[in-house]
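Worksheet: one structure, shown below.
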Amino acid sequence: MEVRQTVEIRVRGTVQGVGFRPTVWRLACDEGLVGEVLNDGFGVLIRTTGNSGAISQFLTRLHTEAPPLSQIEDVETQVLNLLDFEDFRIAESVGGENCTRVTPDAAICAACRAEVLDPKERRFGYPFANCTHCGPRFSIVREVPYDRVNTTMVDFPMCPACNSEYLQPADRRFHAQPIACPTCGPSIWMELTDTSAPSVNSRASAALDSAIELLKSGAVVAIRGLGGFHLACDATNAEAVQRLRQRKHRYGKPFALMARDLDTIRRYCNLSGAEADLLQSPEAPIVLLPADGPEKLPEGIAPGLNTVGFMLPYTPLHLLITQQIDGPLVMTSGNISDEPQVTSLDTARTGLRGIADAMLMHDREIANRIDDSVVRIVAGKPSLIRRARGYAPSAVPLPPGFEGAPDLLAFGGELKATFCVLKDGAAILSQHQGDLEEMSTFEDYQKNLHLYSKIYDHRPRLLVADMHPEYLSAKLAKQQAESEKLPLLEVQHHYAHIASCMVENGVALDAPPVLGIAIDGLGFGDDGTIWGGEFLITDYRSCRRLATFKPVAMVGGVQAIREPWRNTYAHLVAALGWNQFAEKFSELELYRYLIAKPLPTINRMMETGLNVPLASSCGRLFDAVAAALGLCADRAIFEGQGAMELEALAEPWRPSVAEPAYPFTITEQASSGLLYLESSPMWLALLEDLSRRTSVARMSARFHYGLARAIRDMVARIRGTSAGRSLNQVALSGGCFQNRLLLEEVVRLLEADGLSCLLHAKVPPNDGGLALGQAAIAAARHIERSNPADLPSSASIN
Ligand SMILES: [Zn+2]
Ligand SMILES: [Zn+2]
């Protein structure tokens, strides 16, 4: 029987600044309900009176018809005493809005897209159209609450037409803070860089036309986008691509592409359903795709790789450009060598002058630099490699048990750095910042730390950093801890990797430990050596190292990353000794190659141990194998280049009975009981393959599958020990798990052994995820002991 009643509905999640209240208003009116809806410090609060049937219908529709950018985490309803309302209205916000939920930027929605392409609409051809379902958010925020005056749209007072849309609850632009139109909003213009006095073309359509003409003719055009500048050129024009590489001094690293639609991408890549969905999602990331379509791109797009990164146009400006161009465009970040992406007009004019032939400018300031995100489908699901536009700064939900987490700040790592703000129980992982070794990136990182503290009004009670004494982020954390008299916790690198994977998989604070496998390039270990191939029993409060890759010398420290042959040499010496190698394999090209290197110097260094740290690094093993097979042996342009090329080659092969995966062995350290994964037998088999002139692709495949099997065998061995007996969950993290072939095979093998695997999805497996793990470990210790002053200063591993 229908009963007239009043209920209070509390909605939590990302529900502010995404058009939630107008949706509530529309659905309530539809269902004949009266009442009110408002934003408060916890989310959205609804009080409504009506027939019970209508209310339950309303609640169902709230989920199914929620606005696209909202994320409902929780809905609670409570019956109140009957209240009388005249109508349904949107009421004033109460008690401040929830400032921990700043929405990420979102790709242009279907409705705005249609408008921009429709000559009858007033926003036809307008590059800054947006609505509550799409457009700039985080990139324009200077402060909270998220109101126009606190964004870079403050420079553009609304015209009467926009204002009436803004005030009309039934309008798609109700309370859309960046609302704009050709009358009142930002505009574009073109500047040419090849004359001493830049010529300015200020008519929007003329500026667009000239940019498109230039792109078609093979020119490089700098385009000011949403979170920074891009450098664009015709991706099908090999000369233009080469010119861009030379001017940008960017050799080797792949270029991202933008194409107008899925059909254009399908000419170059066979898309899966999951990949197509990801490309068209509001996050609109760069998706790494197999380059296996009917048409081929110039080699200069992604040298040595079998994948290519594509994205769809995600702003009206990009849409208007790509609409007029048949093939894909290179759309690489507009920066000077390794510096951060340029955001300001002046830096572009000076910095990009020698690179771009022309610049397509606009006058909406970029408050937060934000790069394009990079995602790959792994094991059927999206896996983030670079987490930035579209994803940051959405909060990563903390697992059960973390409700009492203190407000803290985790500084992350050094490469692919991010930081993490923990506030009011929400973990806000910053967008990708880049490699802090680059001075201007480090400056930008500090600027962003400051910006986040302002945006989130964040006053941490505790700071967290990596244990590495030389990481700039850790040094900065130390300084800040001293100057602000805050406790500092130092967390071991690989422990933080595993914890980040646990958080994103919702592993509860008091859940039993998991077996963490962290494989990457380098991280500072507890014992002062370098780690990077670790098997750890982990919960949020403790971590124990059970096994590792057998440490091998890194000759010359970081030089071993830049010159991969050094790793090959060190691995061969460790595996079978130089004399034995020289005796058995002197007919190999590899022998002739290595003997020409300054080996006496290298040997002296190895004897004295000076600048030759020991590293149990999976990344260096990949480098060593890649260089042995002739990939990037002399020089790697970026860390992991050899590993990426190795993976690309291995793709088509599967080991057979005749050509099994390469063998590894497991040994036990008598003194410590630590288990070592040893690669000596793998090296012997690989050298014999080299003697037989086996194809590089086959050898690469045999290495990948061998390593996957070795990891499985190590897990089985650990589970045979008393410490490992009860483990049935394995968390996989670290940059080497960006290797899809390796990850998928490891997962397949572990699952076949009855284990469940925790994988990264929304948080990168690389160092971009460290800060989240650091934050969780620090929070867990705080929850255990209520007074942070009692905390130990390091989360080390025993
Ligand atoms: Zn829209
Ligand atoms: Zn307007």
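Order of listing sets the numbers, starting from 1, for every ligand and every atom in it. Bear in mind that the values here come from a model prediction, so they are computed numbers and not experimental data.
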Applying side chain to side chain contact (heavy atoms under 4.5 Å, CB included), name anything that partners Thr347, two or more places apart in sequence or on another chain.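 Once residues adjacent in sequence are excluded, the partners of Thr347 under the side chain to side chain contact (heavy atoms under 4.5 Å, CB included) criterion are Val342, Ser344.
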My understanding is that only residues two or more places apart in sequence, or in another chain, count here; which of them pass side chain to side chain contact (heavy atoms under 4.5 Å, CB included) with Asp234?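 Per chain and number, Asp234 pairs via side chain to side chain contact (heavy atoms under 4.5 Å, CB included) with Thr236, Asn237.
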Between the side chains of [Y] and [X], is the shortest nitrogen-to-carboxylate-oxygen separation below 4.0 Å, so that they form an ion pair?
X      : Y      : result
Arg137 : Asp105 : no
Asp363 : Arg224 : no
Lys120 : Glu115 : no

Separation between CG of Leu352 and CG of Asn335, rounded to the nearest 0.5 Å: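 Separation between the atoms: 8.0 Å.
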From the Zn ion (ligand 2), how many protein N/O/S atoms are found at a distance short of 2.8 Å?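 N, O or S atoms of the protein closer than 2.8 Å: 4.
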With 2.8 Å as the limit, jot down which protein N, O or S atoms are around the Zn ion (ligand 1).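 Under 2.8 Å from the Zn ion (ligand 1) - ignoring waters, which are not counted - the protein N, O or S atoms are Cys109 SG, Cys112 SG, Cys131 SG, Cys134 SG.
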Worked verdict on Gln431 versus Tyr452 for side chain to side chain donor-acceptor pair (under 3.5 Å): CA-CA 11 Å; Gln431 78 270 36; Tyr452 270 67; 2.7 Å; yes
Counting only N and O atoms by type, is there a donor-acceptor contact under 3.5 Å from the side chain of Asp118 to the main-chain atoms of Val116?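 Such a contact is absent between Asp118 side chain and Val116 backbone.
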Is the count of non-hydrogen atoms from other residues, nucleotides or ligands lying under 6.0 Å from Glu121 atom CD greater than 12?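 Yes, because the 6.0 Å sphere around CD of Glu121 holds more than 12 heavy atoms from other groups.
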